[in-house]
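Take a look at the structure set out below.
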Amino acid sequence: MAGSKLSNLTKRRQRAESSGEPFVDALRAALSHNRVKWDGASRSLHSHDASVFDGGNSGPVVYPETTAEVQAVVRLANQHGRNVVPRGAGTGLAGGAIPLGVPVVVAVTKMNAILEVDEVNRVAWVEPGVINLDLTKQLKPLGYHFAPDPSSQQVCTIGGNVANNSGGPHCLAYGVTNAHVVAMEVVLPSGDTAMLGGLEAEPQGFDLRGAFVGSEGTLGIVTKVAVRLTKNRPAVRTLLMAFDDVRDAANTVSDVIAAGIVPAAMEVMDKQITAAVENYVGAGYPVDAAAVLLAEVDGLDSGVDIDADRIAKIGRSNKATDVRLAESEAQRQLLWKGRKTAFGAVAQIAPDYYLHDTVVPRSALADVLEQIYEIADRYDLLIMNVFHAGDGNLHPLIVFDGRQEGVLERVHAAGGEIITASLDAGGVLSGEHGIGVEKQKFMSRMFTNDDLDHQNRLRQAFDPHCRTNPGKVIPSGHSCADIQSLRSVPNTVWG
Amino acid sequence: MDLNIDEDDLNACVQCGLCLPHCPTFRVTGDETMSPRGRIKLMREVQDNDAPLTSEVLDAFSTCVQCRGCEPACPSGVPYGHMMESARETLADAGQMTPTWQRLAMKPLANPTLLNAGTRALSVAQKLKVVPERLGLSNEIPLTQSKLEATGSDVYLFTGCVMDTMQRSVHAAGLAVLTAAGFGVMPTGNAAPCCGALQSHAGLASETRTLAEKMMEGLEPNIPIIVDSAGCGAAMKDYGHLLGTAEAELFSERVFDMAEFLAMHMDRLPEPAAPLDLRVAVQDPCHLRHVQRVHEATRTMLAPYVRELVELDDEGLCCGAGGAYSIFEPELAGQIRDRKVASINRATPDVVASANPGCSMHLGAVGVPTKHPIELVHHAITGARGL
Amino acid sequence: MSATLAVTDPTLLAFAEEVGETDAVAIEGGRTRWDLGGIPDGEPRLIRAPEGIVEYRPEEMTVQVRAGTSVGELHATLAAKGQRTALPERGGTVGGALAVGENDFRALGRGRTRESLLQVRYVSAEGKVVSSGGPTVKNVSGFDLPRLMVGSLGTLGCLAEVILRTNPIPAESRWLHAEGVDAQVVFDALLNPSAVLTNGTEVWVELEGHGPDVEQQTKVLASLGSFSDAEAPELPAHRWSMKPSDAATFTPVDGERFIATIGLGLIFTDSPQPRSELDPAVVVISERLKANFDPTGRLNPGRMPGRN
């Protein structure tokens, strides 16, 4: 931007010279005026992510462009006694990126370069703001992709994927983000940088890379990531099966795995969600079936036919009423588009939703689903189910209108029972959304105090002063969860 | 402050964020306030919680290109374009948005004589090199125009305002191709001077409605109206919503984009003398792809007439032209265009086919060779040289 | 397999008792990597983790197993149901294999050791049983201590019991061998070989999968050189870890024999790898980790991952 031709926008942005806040002025001196936002509207917008949780207004929102700028922000925050919250696209569902205690929000969206594609080492070095699907698209001409494909992949960032150890339908065969992050440069809570992991077969020392992935932004800010390149499979078969009973679909999933087949993905949607999805994408989903199972196998031509046949047989033996193969790549894409936008599509039904995320053993799927429908009845709520059936990852979706009196209480109570039912069946709290602020209070249902204390010891090895994304993951009663400064600032009206 | 946005529309947004990458201003700024999700949240705060209209809030609204790329990306079907139009209309009426100079700039659009005079003046000025570069105008603003002659009365060819003064050759090509396909064509000329799209984007709703009514009065009923400007077509297809009358609904139903119409009549189009020996990248104007959603027709129409069609890899992200946006927000428009140009360069085309004059001018201003798809078809049919 | 809360298994509680709260202890597996990261200082009390498979659920592709169980015994049990794990078989225990963290030289086909661990139970320096992770394949409930435990050489806790992910053994498996072909070219041409090895002149490839898939990939190999059925090569004793790109162009000192794993980055040769220095910022965190998990330094004193 040439200084001589300042546009309206630049002029508007430079209207206010001093913010009256030394911290903000220091940030602006370190970055630039228009990459440090301090106005009420910006701070209000950053009070939330895609979840139902609201952290209250954030402190300044900064948009660094380099590792050095991230370091400068972290060091300034330390000097001014302020906390730091990293943020990608803000699509998290557990409130992991909401600001507690008026922290500086470090949005990495401007660090969005694909730095290097290293085919021999099968990695790409990328900045944290690169959008997951953009990376896969850029890799396509070379014959590779980035395997984790969360439903938000068209918008979520690699940095966010690292923070949440993101999954997605195709993690059934390929593994979650942890398996696809080889090395990364991070800015530690001290402001120093460190290289975690490495391209070597077996990097020396503790696996700090592994510990960092999935730490929900509490251990530092990732600034460069070496992600693994997965070779595109020459053949793929996508099966669409319809069932009259959700239980039959769940049993099919269990039987497929028991038969020694690991499909690339196995997804189930129940009747109501299928109707909403079909209304949006028009992919040809059977809208009168009680459950739809989407199963995908990929690999070489010969092998995928064998697996597709076996899966179809297993489906039929579980009373599948219809078994279809996607006829074209276009239809396959449309089916997946439907599956991946399912959560948003429910707004056609009611204006609010609460998406849960628990995992149960595959063999318990049918029983837990039955309990979930029973819970829905009892609380007079509409609960739809769309889930990564292949790895037992349930996503009960409570659809409601928050304007109704008392509905939120019922939504939360039903959610609590769903979590309990999942844990009782031998499952876990979260498969891919993380704990954030959403499930902190449930952590003690899965872990003992000693277990949580040890998790906290890991956290404090990176962040002894609890400055980075405090108040997340570890529940109240442990340090980093209860520090004094975590009062939230009311978020309604800006000035 | 009540922005006059439908409450149900506001509530339809569940803040999932799937729209973010499809928003050109979010793409180039990475800033939540410059995203559809952010702007909707701001609308909500202003309308429901009486949050003050700070300069940042007004910036967030006025920097929206209104490309509506977020709409097809939204699984909840949030009618973002209409919400933003309501917000802008309310704010413009309240004197909070669309300053007087922008309103004045729109005046001549509705008046062909004034517009022609203005364009000629601009053309002369450009040749004298006194036009500010930041206006981003294309290199050759024509000084004189040949007249369009009617060839029958089967269909209207909407000639409009800016398009008619800047790119009458496109109309001429469209008229020739339609005629070659056996349709008698009536250019609308002064009977329908302007569609009102630019006014509508600026929040000048009463002006828009006046223009819409004027057009509906000026044109004979039941005759299909063919539009070769995507922005105009989108606006005219929205008259039903704008005026809320059955008559307007009926009017909108007979509006067709040029390619949309011809794609339905491919059997009537003449064979090419020779397919143009060109690799053609199709640049979908937002109002063709995201609003009218008939962009596939451009491909159907072009395919027989060119050697090769190539897709851009940015999924129809806006080019930054946005009607008058490139003049009002040149800095953002330039950054958005840079992304588009990079995508075009990756596709390595000989020429870019764009069915909207705004896009053509905006891209042409940085040297991207653009042609209207109908011009390519015309060239292929007539075997004309010198493309 | 139940969720992790409240360990009541008397075997684990007895092991916790044995580890205790005071004096230095060193945990012994098969002693196959006893000097890695430094030989235990002084004369720590030697302990062994409990043995035995607790629960094997082939339909869930998981197995709950005590850390003292030998990898060979575990794999024999799994093979009866057509499954295996990523752990390398080199005569040691499950706990040892995880604490060391080495990968099988066929990790491209079998998975990496660090990715096979779903849930860990270890005895802390305070003598308490600590659990982390969970029994399901997918899990992001809390901080990922299982990842941290893999390769930690027992310096943060004594591994007691784990849940591992199992995988189906492919229908067909085949080793092929050829001379005079470029191993990197071979690797790039195949879809997902389980192993591509070279000693600079010869190439060995392991193909696994459905019969017709192995057949198809064998045809790809035939187009690159004259491959014939073979046994896996014998591997020299010392392993070097490097980038796959460096492994592909590796030349040994003094013409020692070597086997390089293409695409993985392991080299097997006759002399030990010269160690490089760790990033100083990483050393700071590692030392804090050790201090936080083992404040008195009683767990495997003298050892530290990454130390020569």
Side-chain angles (χ1 to χ4, degrees), chain A residues 120-121 164-165 167 175-176 178-179 188 192-195 199-202 204-208 210-211 214-215 231 254 257-258 260 262 299-300 302-303 306 359 361-363 391-393 423 426-432 434-435 443 446-448 450-451 454-455 457-462 473, chain C residues 1-6 58-61 82 101-103 114-115 124 128 130-132 134-145 147-148 150-152 167-168 191-192 209-210 212-213 216 241-245 248 263-266 275 278-279 281-282 285-286 288-289 292-293 305-306:
Chain A
V120 179
N121 287 311
N164 290 290
N165 195 12
V176 294
N178 210 322
L188 297 166
D192 294 336
T193 63
M195 183 62 75
L199 305 194
E200 311 91 279
E202 289 159 4
Q204 299 178 61
F206 289 118
D207 185 9
L208 301 183
S215 60
K231 230 179 186 185
S254 229
I257 299 290
V262 184
L300 293 161
S302 40
I306 294 173
V359 191
R362 277 175 285 256
S363 49
D391 33 37
N393 192 180
L423 292 180
V428 301
L429 285 175
S430 174
E432 52 189 18
I435 301 301
M443 285 286 273
M446 180 163 165
F447 297 110
T448 64
D450 290 331
D451 300 343
H454 270 233
Q455 294 191 21
R457 293 183 196 201
L458 162 62
R459 189 206 199 293
Q460 294 202 304
F462 280 81
V473 188
Chain C
M1 260 168 244
S2 63
T4 36
L5 202 59
E59 79 285 1
E60 293 294 338
M61 296 202 303
E102 288 175 0
N103 291 312
R114 71 181 190 215
E115 285 151 29
S124 71
K128 290 176 172 158
V130 173
S131 305
S132 184
T136 59
V137 169
K138 209 172 178 185
N139 179 16
V140 292
S141 309
F143 288 91
D144 200 346
L145 298 182
R147 242 42 59 208
L148 189 62
V150 174
S152 65
N167 291 300
L191 179 59
N192 46 357
H210 286 298
D213 286 351
Q216 194 272 354
S241 161
M242 59 184 70
K243 293 180 192 176
S245 55
L264 187 60
L266 287 176
R275 291 272 165 171
L278 289 176
D279 178 343
V282 166
I285 297 173
S286 302
R288 269 197 226 133
L289 267 178
N292 287 358
F293 278 78

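Note on naming: letters A, B, ... go to the chains in the order of the sequence lines (proteins, then strands), and numbering restarts at 1 for each one.
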Margin query: Could you go through K138(C) and E432(A), starting from their C-alpha distance and side-chain angles, then the distance that decides it, and tell me whether this counts as salt bridge (charged side-chain N to carboxylate O under 4.0 Å, His left out)?
Written below: CA-CA 7 Å; K138(C) 209 172 178 185; E432(A) 52 189 18; 2.7 Å; yes

Check: Going through the checks in order, is the side chain to side chain contact (heavy atoms under 4.5 Å, CB included) test met by E59(C) and R362(A)?
Finding: CA-CA 8 Å; E59(C) 79 285 1; R362(A) 277 175 285 256; over 6 Å; no

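Ranked by non-hydrogen atom pairs under 4.5 Å with chain A, the options S241(C), G151(C), S124(C) are led by S241(C). Among G82(C), G142(C), G263(C), A281(C), the residue making the largest number of heavy-atom pairs under 4.5 Å with chain A is G142(C). For chain A, the option among S152(C), S141(C), A248(C) with the highest count of heavy-atom pairs below 4.5 Å is S141(C). Taking L208(A), N165(A), D192(A) one by one and counting their heavy-atom pairs under 4.5 Å with chain C, the maximum is reached by L208(A). The most heavy-atom pairs under 4.5 Å with chain A, out of G209(C), S245(C), P58(C), come from S245(C). When the candidates A258(A), G210(A), S302(A) are compared by the number of heavy-atom contacts under 4.5 Å with chain C, S302(A) comes out ahead. By number of non-hydrogen pairs under 4.5 angstrom with chain C, the leading residue of G214(A), S430(A), A194(A) is S430(A). Counting heavy-atom pairs under 4.5 Å between each of S363(A), G299(A), G434(A) and chain C puts S363(A) at the top. Heavy-atom pairs under 4.5 Å with chain A were tallied for D144(C), N139(C), V282(C); the largest tally goes to N139(C). Among N164(A), I257(A), L429(A), L199(A), the residue making the largest number of heavy-atom pairs under 4.5 Å with chain C is L199(A). Heavy-atom pairs under 4.5 Å with chain C were tallied for N121(A), D391(A), I435(A); the largest tally goes to N121(A).
Side chain of R457(A) to backbone of N292(C): a donor-acceptor contact under 3.5 angstrom is found. Using a distance-only test at 3.5 Å, with no hydrogens or angles considered, no donor-acceptor pair links the side chain of E200(A) to the main chain of G265(C). For R147(C) (side chain) and R114(C) (main-chain N/O), a donor-acceptor pair under 3.5 Å exists by modelled atom type.
Contacts between N192(C) and chain A at a heavy-atom distance below 4.5 Å involve the side chain alone, from C-beta outward. For L458(A), the parts lying near chain C are the backbone and the side chain together; criterion is any non-hydrogen pair under 4.5 Å. Only the side chain of N393(A) comes within contact range of chain C, judged by heavy atoms closer than 4.5 Å. Heavy-atom distances place both the backbone and the side chain of V428(A) under 4.5 Å from chain C. At a 4.5 Å heavy-atom cutoff, the contact between M61(C) and chain A is made by backbone and side-chain atoms alike. Using a 4.5 Å cut-off between heavy atoms, E60(C) touches chain A through backbone and side chain atoms alike. Looking at D279(C), the atoms closer than 4.5 Å to chain A (heavy atoms on both sides) all sit in the side chain, from C-beta outward. V359(A) touches chain C through backbone and side chain together, each having a heavy atom under 4.5 Å away. For a residue to count as touching a neighbouring chain, one of its non-hydrogen atoms must lie under 4.5 Å from one of that chain's; by this rule L278(C) touches chain A with the side chain only.
Between D450(A) and K128(C) there is a salt bridge, with a side-chain nitrogen of the basic residue lying less than 4.0 Å from a carboxylate oxygen of the acidic one.
For the residue pair T448(A) and D451(A), a side-chain donor N or O sits within less than 3.5 Å of a side-chain acceptor on the partner.
F143(C) and S215(A) make their closest contact through CE2-CB, 3.8 Å (heavy atoms, listed as atom of the first residue, atom of the second, distance). Taking every heavy atom of both residues into account, M446(A) and L423(A) meet most closely at SD-CD2, 4.2 Å. Considering all non-hydrogen atoms of both residues, V120(A) and P244(C) come closest at O-CB, 4.1 Å.
Looking at heavy atoms from C-beta onward, L188(A) lies in side-chain contact with I285(C) at the 4.5 angstrom threshold. Side-chain contact between L145(C) and Q455(A) is present, with heavy atoms from C-beta onward closer than 4.5 Å.
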